[in-house]
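When a ligand or atom number is given, it counts from 1 through the structure's own listing order.
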Amino acid sequence: MENMSRELRKNILKSAKRVVIKVGSGVISDHESGKPPLERGLSLKRIRSYAKRIKAIVDAGYEVILVSSGAIMAGRERLNLQRPNLAIPEKQACAAIGQSSLIRSYERSFEKQGLKVAQILLGHDDLENRKRYLNVRHTLEALLEYGVIPIVNENDSVTVDEIKIGDNDTLSANVACMAEAHLLILLSDVDGLYTSDPSQTNHKSGQTPELISHVGRITSKIEQLAGKSKNPLAVGGMSTKVMAAKKTMSFGIPTIIINGLKGDNLKKVFAGSQVGTLFWSGEAKIRDRKHWIAHTLKPAGSITIDAGAGKALVERGKSLLAAGVVKVDGKFEFGSAVRLLNEKGREIARGLVNYNSRDLDQIKGLKTAAVRSLVGANFYDEVIHRDDLVLT
Ligand code: GLU
């Protein structure tokens with residue numbers, strides 16, 4: 001399990017280019033001040049250090065979209081409003097005041113790193129309406145093209161609770177899907193998802209809470225594990241994070257939850273370390289996935305298949321099995337896009353492959369049982385699953 005998760009993370013990083021990073025209010029609050037959560041404000045020190053870390057990610061070749069909370073927190077601080085349960089107009093006023101401080105802090109901090117930022121405020125309407133959705137998407141694309149870091153938040157001052165997205169976990173999942181990102185990272189004030197509530201010391205069961213490093217599928221048990229956050233600055237808590245991961249997973253986007261209060265965690269994610277909780281099935285469908293496989297991904301190699309396999313693919317809508325593979329060309333990894341050729345060398349399909357080229361070369365032509373005994377833990381039934389395959 002541990003090895004599989006490590007392998008998955010390596011593959012995610014290798015094929016990722018566009019990353020959405022969500023920063024929660026707690027993560028950029030002046031945590032160290034020792035003040036009670038509702039009296040905390042923005043920590044310029046933390047924002048600066050995130051700007052530095054994100055610069056390193058950009059320098060490593062990734063495109064970064066930031067989704068940041070903190071407007072209401074910053075506004076509260078400015079207005080000296082420390083009581084809980086603010087009325088909606090009060091929260092909206094806080095958001096309107098705080099958003100400008102928030103973006104100014106980011107702008108100054110990123111400027112020091114030689115990076116420009118842009119502010120994008122979104123509401124439900126912008127995501128539901130296809131035209132607006134596409135407009136936002138185009139804006140994001142253009143900003144990324146210019147090497148600018150888009151900083152997204154909900155447009156809190158113009159929407160009331162009933163029509164609000166409400167929490168930035170959900171917003172960041174929507175942004176990741178809209179931008180067709182390859183990875184979503186949620187920075188929270190906990191280490192990830194635990195087998196039981198880590199803040200509870202006296203467990204009836206006597207079990208110590210353990211961090212789950214990989215969730216392949218969101219079951220009702222996983223949903224139950226995601227309790228509510230105890231931090232009053234945090235809007236969503238773990239349950240909205242798990243829901244966000246569920247959404248991105250169904251679009252084929254992996255999500256990692258890490259503790260953003262631990263400075264090095266973001267760096268560790270990009271070093272492929274087993275930090276936080278990774279949510280990814282490795283095989284989820286996405287809406288525009290077929291298009292993406294067929295047109296966006298650059299094939300890393302090709303697989304020649306025999307006539308029987310070709311027929312099964314084209315006429316019967318089957319997946320590709322090792323038995324039908326005749327020849328492997330090029331060097332590719334698990335998850336790479338490849339071209340499928342018939343024995344005359346004509347391309348008939350493209351897909352995402354479950355074996356790297358070395359392993360596939362070893363198992364080509366073999367029956368499933370033989371493949372299983374040869375590759376052991378890394379076994380997959382299909383070389384390319386039907387859902388990851390497009391006839392061309
Ligand atoms: N949009 C809110 C803010 O900027 C935060 C929502 C959230 O933290 O999830 O304060």
Note: L171, heavy atoms under 4.0 Å from ligand 1, region reported as neither
Test side chain to side chain contact (heavy atoms under 4.5 Å, CB included) on L121 and Q99 and set out the steps.
CA-CA 10 Å; L121 299 177; Q99 179 64 27; 3.5 Å; yes
Would you mind reporting whether I185 and V269 have side-chain heavy atoms less than 4.5 Å apart?
yes
Check this for me - ligand 1, N153, N or O atoms closer than 3.5 angstrom, yes or no?
yes
Is a side-chain donor or acceptor of R9 paired with a backbone partner of V275 at a separation under 3.5 angstrom?
yes
For atom 8 (O) of ligand 1, which candidate among G75, S69, C94 holds the nearest heavy atom?
S69
Please determine if D156 has a nitrogen or oxygen closer than 3.5 Å to a nitrogen or oxygen of ligand 1.
yes
With I65, the side-chain contact (heavy atoms from CB on, under 4.5 Å) member among V20, L143, I120
V20
Contact between G70 and ligand 1, counting heavy atoms under 4.0 Å?
yes
For the residue pair E90 and R83, establish whether any side-chain heavy-atom pair is separated by less than 4.5 Å.
yes
N168 contact mode with ligand 1 (heavy-atom cut-off under 4.0 Å):
both
Can you find a side-chain donor-acceptor pair between D59 and Y62 that sits under 3.5 Å?
no
Ligand 1 to D167, heavy atom cutoff 4.0 Å, flagged ligand atoms 9 (O)
